[in-house]
Protein chains: 2
Amino acid sequence: MISSATAEPFRSLFTLLAALRYRKLSDVLGDSGYPHAVVRQRLGTRSRTAAQRRVLDAALDLIADHGVSGTSLQMIADAMGVTKAAVYHQFKTKDEIVVGVTELELAKLEEPLAAARAESDPARARKVLLTDVIDMAVTRRRWIRTLQNDPIIIRLLGTHPPFREFIAELYGVLQGEEDDTIARVTAALFSGAIAGSVVNPLLDDIDDETLRAALLQMTTRMLNLPD
Amino acid sequence: MISSATAEPFRSLFTLLAALRYRKLSDVLGDSGYPHAVVRQRLGTRSRTAAQRRVLDAALDLIADHGVSGTSLQMIADAMGVTKAAVYHQFKTKDEIVVGVTELELAKLEEPLAAARAESDPARARKVLLTDVIDMAVTRRRWIRTLQNDPIIIRLLGTHPPFREFIAELYGVLQGEEDDTIARVTAALFSGAIAGSVVNPLLDDIDDETLRAALLQMTTRMLNLPD
DNA sequence: GTCTATAATAAGATAGAC
DNA sequence: GTCTATCTTATTATAGAC
């Protein structure tokens, strides 16, 4: 079972985005100038049966509401209309289910990441990826809070190598060369503003398109990217 | 036991700050021009025995790391070096412990709230309170994530009347008169930026004073308050 | 205020039939 | 792929002695 007893310093997707240092990847820099893991397996490529997908869908929904610790296998089975044993036939442990749903979410950024790395201009690449990160934060906003703040998932993002590597790569593209305090505070405010605002019920009645545009405009200015 | 099965639309301290509308309190406006509950009991005034305080201290520490659902009575007892039965002698249920620790944290803003309401100029009152809210977010940063995002606490903040009333009053002072979309997006970005950045490990080595000053400067501008 | 002991229930997980 | 049945452990919670 997943335990958060020995908590990691890294605590979430967006905070990892801000915490992982570009220079830590300098030994795996490609000739494009962007960091990349040499053999990293793309997230979300493993094949899932229909039954497995049903489990992950139900789990995703419940975990978004109750958190990982607050979601039991019984709750997942009930939501699916089957027994616990049927769920265990698809995934050997609860851990695997948690890894599965997290992978499902992170995988949504694999294509945007690849597209950004195809850009020749680094500033343009950051802008492209930033747009997609915001887009995901907005469209998947119900999940962002859990992905960012659930103690079990925080730990998973810091310990599960495929997740660590993916986030490091993502960050490598998003992060510029600046390394001073102002840049760090700006990055922190930026990630906090995105993650915090998309889960804010005050903005529930604002349509996705408007919110996306407002966030992009503000964060673009914060990161000094071209419009 | 606390269940988050029927989740509330309100989801956290800062999002409640942004979500509760000033006009909903118009019927309880005092002559000072600030909203207030007529008979609201101040949080944190109930007396606690030394043993109760030890329980709450241990619970606070564990819940900050593992969340409410991830923290058992056994863990609390172990941290205190006593048995579960000793813990149950101080609090009849786990719920009461969760309410207790949440109250302990919110109570830290009771005095700042009273001080702000003593100001004659509303803009000045907002500035004073904002300063204290940021100060709490910075100094209690380890707790902010749980207070903001734990599913059980989110539910508690929306359902427990003393918490609802306190937050409504707090928000009444912080919120200006503006009611347009821009103001709402700004408020959401503001609360997200504060809450998100103080828990960002990228800023772990920045001392409290510097972080406090940077946050105050930025959020003051966002809210169009006087320096 | 703390203990041992115990209850009732739910958790994660497995075996084997259909 | 799903079921019933079961196991083990952990959970919230209580009773009663010291």
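Labels below follow one simple rule: chain letters A, B, ... track the order of the sequence lines, proteins then strands, and each chain is numbered from 1.
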Spell out, as yes or no, whether a donor-acceptor pair under 3.5 Å connects the side chain of [X] to the backbone of [Y].
X	Y	value
B:Gln90	B:Ala51	no
B:Asn149	A:Asn149	no
B:Arg142	B:Asp65	no

Could you tell me the separation between the [atom1] atom of [X] and the [atom2] atom of [N], rounded to a whole number of Å?
X	N	atom1	atom2	value
B:Leu73	C:dA10	CG	C1'	15 Å
A:Glu96	C:dA13	CD	C1'	12 Å
A:Phe91	C:dG12	CZ	P	15 Å
A:Gln74	C:dT9	CD	P	15 Å

Contact check, side chains of A:Asp208 and A:Arg141, non-hydrogen atoms, under 4.5 Å:
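A:Asp208 reaches A:Arg141 side chain to side chain.
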Pairing residues for A:Arg46 by the salt bridge (Lys or Arg N to Asp or Glu O under 4.0 Å) criterion, not counting sequence neighbours:
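Listed in chain order: A:Glu103.
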Just jot down the salt bridge (Lys or Arg N to Asp or Glu O under 4.0 Å) partners of A:Asp132, sequence neighbours excluded, or say none.
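Salt bridge (Lys or Arg N to Asp or Glu O under 4.0 Å) check on A:Asp132 returns nothing, list empty.
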So, OP1 or OP2 of C:dT14: does either fall under 4.0 Å of a side-chain N or O from A:Tyr88?
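No.
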Reckon B:Ser72 has a side-chain N or O less than 4.0 Å from the OP1 or OP2 of D:dA10?
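Indeed not, no polar side-chain atom of B:Ser72 lies that close.
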Contact letters for nucleotides 1-6 of chain D, in which S counts primed atoms plus P, OP1 and OP2 and B counts the base, heavy atoms under 4.0 Å
BBBB--
Closest to side chain of B:Lys94, choosing from D:dT12, C:dA11, C:dG12
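Nucleotide nearest to B:Lys94's side chain: D:dT12.
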